[in-house]
Protein chains: 4
Amino acid sequence: MRAPGDLRADARRNRELIIQTARTVFAEQGPSATMDEIARHAQVGAGTLYRHFPDRDALFHAVLTDALERMIALAETTRKQEGLAWDALSRFVEGCAGLRLDLLISVAGSQATQVATTPEIGEGRARLLKILDQIVSAAHDEGTLRHDVGAGDVMGAVSLLIRGLPTLPTDLSAELKNRALRLVLAGMRTDPAPIPPPVPAMTANDLIRRLSTTGPAKPAT
Amino acid sequence: MRAPGDLRADARRNRELIIQTARTVFAEQGPSATMDEIARHAQVGAGTLYRHFPDRDALFHAVLTDALERMIALAETTRKQEGLAWDALSRFVEGCAGLRLDLLISVAGSQATQVATTPEIGEGRARLLKILDQIVSAAHDEGTLRHDVGAGDVMGAVSLLIRGLPTLPTDLSAELKNRALRLVLAGMRTDPAPIPPPVPAMTANDLIRRLSTTGPAKPAT
Amino acid sequence: MRAPGDLRADARRNRELIIQTARTVFAEQGPSATMDEIARHAQVGAGTLYRHFPDRDALFHAVLTDALERMIALAETTRKQEGLAWDALSRFVEGCAGLRLDLLISVAGSQATQVATTPEIGEGRARLLKILDQIVSAAHDEGTLRHDVGAGDVMGAVSLLIRGLPTLPTDLSAELKNRALRLVLAGMRTDPAPIPPPVPAMTANDLIRRLSTTGPAKPAT
Amino acid sequence: MRAPGDLRADARRNRELIIQTARTVFAEQGPSATMDEIARHAQVGAGTLYRHFPDRDALFHAVLTDALERMIALAETTRKQEGLAWDALSRFVEGCAGLRLDLLISVAGSQATQVATTPEIGEGRARLLKILDQIVSAAHDEGTLRHDVGAGDVMGAVSLLIRGLPTLPTDLSAELKNRALRLVLAGMRTDPAPIPPPVPAMTANDLIRRLSTTGPAKPAT
DNA sequence: AATGAATGAGGATTCATTCAT
DNA sequence: CATGAATGAATCCTCATTCAT
């Protein structure tokens, strides 16, 4: 008899590969990226993709679950590593922006309503919120976080902002996203918003120039 | 033969009808709503839809242009009606959330990249940004708006937030969106944070409860 | 305003065309004939086929219903035209064999179990059985039909026999089917067996020779 | 290395297992049952199945050959055991119905045309027909069997009838099949049909009731 | 100018068959 | 040899778009 991890090792690697590829492809092409496209990028046959994820929704579900896990891990890390709760909170918020989770809601929003209501997803969300709650409570106690801001607000703002603006050039989208996140963080502080440090404002002209200079970052579906 | 104005009135009415219907349908079913679905909701034949908009992108374009016009009108109105530039700014931001533009970016993001780079759209964006610039400058002068916040930041934050979170129940989505908008506004102020008034925080438990109670707001595509 | 039958005439013609084509193609290629094949034979696009019959089962259903109607019409005709109930019965049985309904059960048997339980099909079957019942009763009264043979037996035997033996050369299949039908009819008579008239038996050697001489009648799927 | 007989025994057992499993699965799910389904039911991997039968047709071939062997064995048995040729004949005909060969033709008919023309199958058929010929000749000599009925007729009628009506509930299908077989047998007799003994007829109402009461016997493919 | 049927290219999914373990 | 994962061609079905009425 074989060791149980043998073939499974290969399969597990493929599964992981497909999930990560799907995340990338969805982020780049939007939620209507085709299954074939994903399979091609992952360098596997369509059949392999379907062996692992029996249909489109199953793949969405796996991608979303994976994304949630990353956010949870991020929240736990920052909570442990940062002395100040506020620092944990802001590192979490900014870290989410870097997780390349653009698709998290975009995918869910366009096709996967049922996916979003899966028990696993629900539990994952709850787990994440519990951790955020601890950070938020600590920040309340520290006096750094406004008391009318809860873990639900943090989660909501992050969910809204991490999507970025897919029609814009990638770097401009990232910059606007980061600036908006900083503004939200500033709005959450009790004191006069020492954050962010005075960087130049994004003026109307800045935006217009950068919009007219560059083409779109991403091919449409 | 009829007078040309007669038919034109009819046609113009149909065009308007289709645009508004499309906005609704896109907002409800996501950006992959089919042309037939839109035609059916507008109670016209597919042929009529295509007579007005030669292809899918043309329809997107019209919907986005229409949305931009609404935002422009809103910005102009608040600028004229409000004495304080800050009030104009915050009324604009909050007004956008009420325009039901959920689809503005969601549509654009998933399918209409090329649409987003159309000259008309570019000009509309520029026009809107110019008006915002006036408001923003006035607010800077007033001392109510942080100097490191520009019209581009306002536009960016609004664009990111007005989409809402389509997988959540409608009311919860709206509430989270409004709370996030208020946090952003608070983050833009120079002074501590008179906004929003102390309302109870959205806690982790609030969010978990409301997520598990209600089903999703919208059938997936 | 147009006459209501205008466009519909075209569509109705297409619907009929597709049903008859499907019957032929199923009869020739077996129940796993592809939708595309049927569409090609009918000289319509796949979309047209699907507009009329939303999925494979719907097409099956239509084909089966159509076949039932033909059997019903046949039963009614023979009942009216023949003086002797026995003649009506045997003309019905033999007529069914000529209806090219080879697929009737073969299709149903392989894929369309749910189709077979449709209310329409059920009603059609009942209607047919009622007519057969009248013929059968009259034949009982005539004294030509054994009293332990009912309309259900007639229907059952016909259903079993009309399929033919698709692997055999067409003419051999037809001949065996016809001989079997005559044997069944003979078995239903009260008197010795005036039917069939003494034709030469199909001997083992006949069959072996004809099986080895000719290739199969039909390309496999 | 092991003795060759060892593995061979295992392999032979597997081969037999797969054939019998395939027969069952085909009979239950129709001729389009998948290879994976058969492998799963036989509790072997797909690779094992393909080691024994290089492709789908090879498996069909084996199943059909096996069925033919059973019919041959049955014919030989009845010939030896029955004193009266007629009894041998009718026991053969009825025995075939019990062999669960429903698929014999149904499979062949839908997919395996080429299979049906294989030399092995041809020889098997010939062998079976020879045996039937002996029985038929004896029955002619006995005066029990009509002289215009040959071994080919027997084979044909049996082939047509043993398939049953897969859309009907199992027991109803079996009953109709048995009744039809008895009618055929009656039709083959020289004398006024002492067979079958007077059982109640299957009336229209019987059939309608039983069709509406029970669901179909088999899930469609 | 409106209608809705027809078209067919394209995407999701399945499954016979191959191959690495 | 057995296993079950990988493959990709083939099939079902959808939907943007065209066209006859």
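Sequence lines set the chain letters: A, B, ... in the order given, protein chains first and strands last, and positions in each chain run from 1.
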Kindly determine whether Thr21(C) and Val44(C) satisfy side chain to side chain contact (heavy atoms under 4.5 Å, CB included), including the steps that lead there. CA-CA 11 Å; Thr21(C) 304; Val44(C) 300; over 6 Å; no
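- When the C1' atom of dC12(F) is taken as reference, atom CG of Asp57(C) falls 12 Å away, rounded to whole Å.
- Nearest to the side-chain atoms of Tyr50(C) among the listed nucleotides dT14(F), dA16(E), dT3(E) stands dT14(F).
- For His52(C), no side-chain nitrogen or oxygen approaches OP1 or OP2 of dA5(E) to under 4.0 Å.
- OP1 or OP2 of dC1(F) has not a single side-chain nitrogen or oxygen of Arg51(D) nearer than 4.0 Å.
- Residue order along DNA chain E, read from the 5' end via each residue's closest nucleotide, puts Gln43(B) first among Asp36(C) and Gln43(B).
- In this model, the phosphate group of dT7(E) is approached by a side-chain N or O of Thr48(C) to a distance below 4.0 Å at OP1 or OP2.
- Comparing Ala46(C) and Asp55(D) along DNA chain E, the residue whose closest nucleotide (by nearest heavy atom) sits nearer the 5' end is Ala46(C).
- Remark on DNA chain F: of its neighbouring residues Val44(A) and Pro54(B), the 5'-side contact belongs to Val44(A), judged by nearest-heavy-atom nucleotide.
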Once pairs are restricted to Watson-Crick or G-U wobble with both distances under 3.5 Å, how does DNA chain E read as a dot-bracket string, [ ] for crossings and | for other-strand pairs? .||||||||||||||||||||
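- In this entry the distance linking CZ of Arg40(D) with C1' of dC15(E) reads 12 Å, nearest Å.
- The distance from the CG atom of Leu49(A) to the CG atom of Leu17(A) is 9.5 Å, given to the nearest 0.5 Å.
- Remark: aromatic rings of Phe53(C) and Phe60(C) are distant, center separation not under 6.0 Å.
- Residue Arg13(C) contributes atom CZ, which lies 11 Å from atom P of dA6(E) at whole-angstrom precision.
- Taking every heavy atom of both residues into account, Arg15(D) and Ala62(D) meet most closely at NH2-CB, 4.1 Å.
- Leu49(B) places its CG atom 17 Å from the P atom of dC19(F), with the value rounded to the nearest Å.
- To the nearest 0.5 Å, atoms CD1 (Ile18(D)) and OG1 (Thr48(D)) are separated by 6.5 Å.
- Summarising the geometry, the separation between CE on Met35(C) and P on dT14(F) is reported as 10 Å, rounded to the nearest angstrom.
- Closest to the side chain of Thr34(B), out of dC12(F), dT18(E), dA16(F), is dA16(F).
- Under the rule for a side chain to side chain contact (heavy atoms under 4.5 Å, CB included), the partners of Tyr50(A) that lie at least two apart in sequence or sit in another chain are Met35(A).
- In this structure, the CD1 atom of Ile18(D) is 13 Å from the P atom of dC1(F), given to the nearest Å.
- The CD atom of Gln43(C) lies 11.0 Å from the CG atom of Asn14(C); values are rounded to the nearest 0.5 Å.
- Distances shown here put a side-chain N or O of Asn14(C) below 4.0 Å from the OP1 or OP2 atom of dA6(E).
- Distance from the side chain of Arg56(B) is smallest for dA16(F) among the nucleotides dG8(F), dC13(F), dA16(F).
- Atom CD1 of Ile38(C) and atom P of dT11(F) are 12 Å apart (whole Å).
- Across the protein-nucleic acid pair, Phe53(A) atom CZ and dA6(F) atom P stand 11 Å apart, rounded to whole Å.
- Looking at residues two or more places apart in sequence or on another chain, you find a side chain to side chain contact (heavy atoms under 4.5 Å, CB included) between Gln20(B) and Glu16(B), Arg23(B), Asp66(B), Arg70(B).
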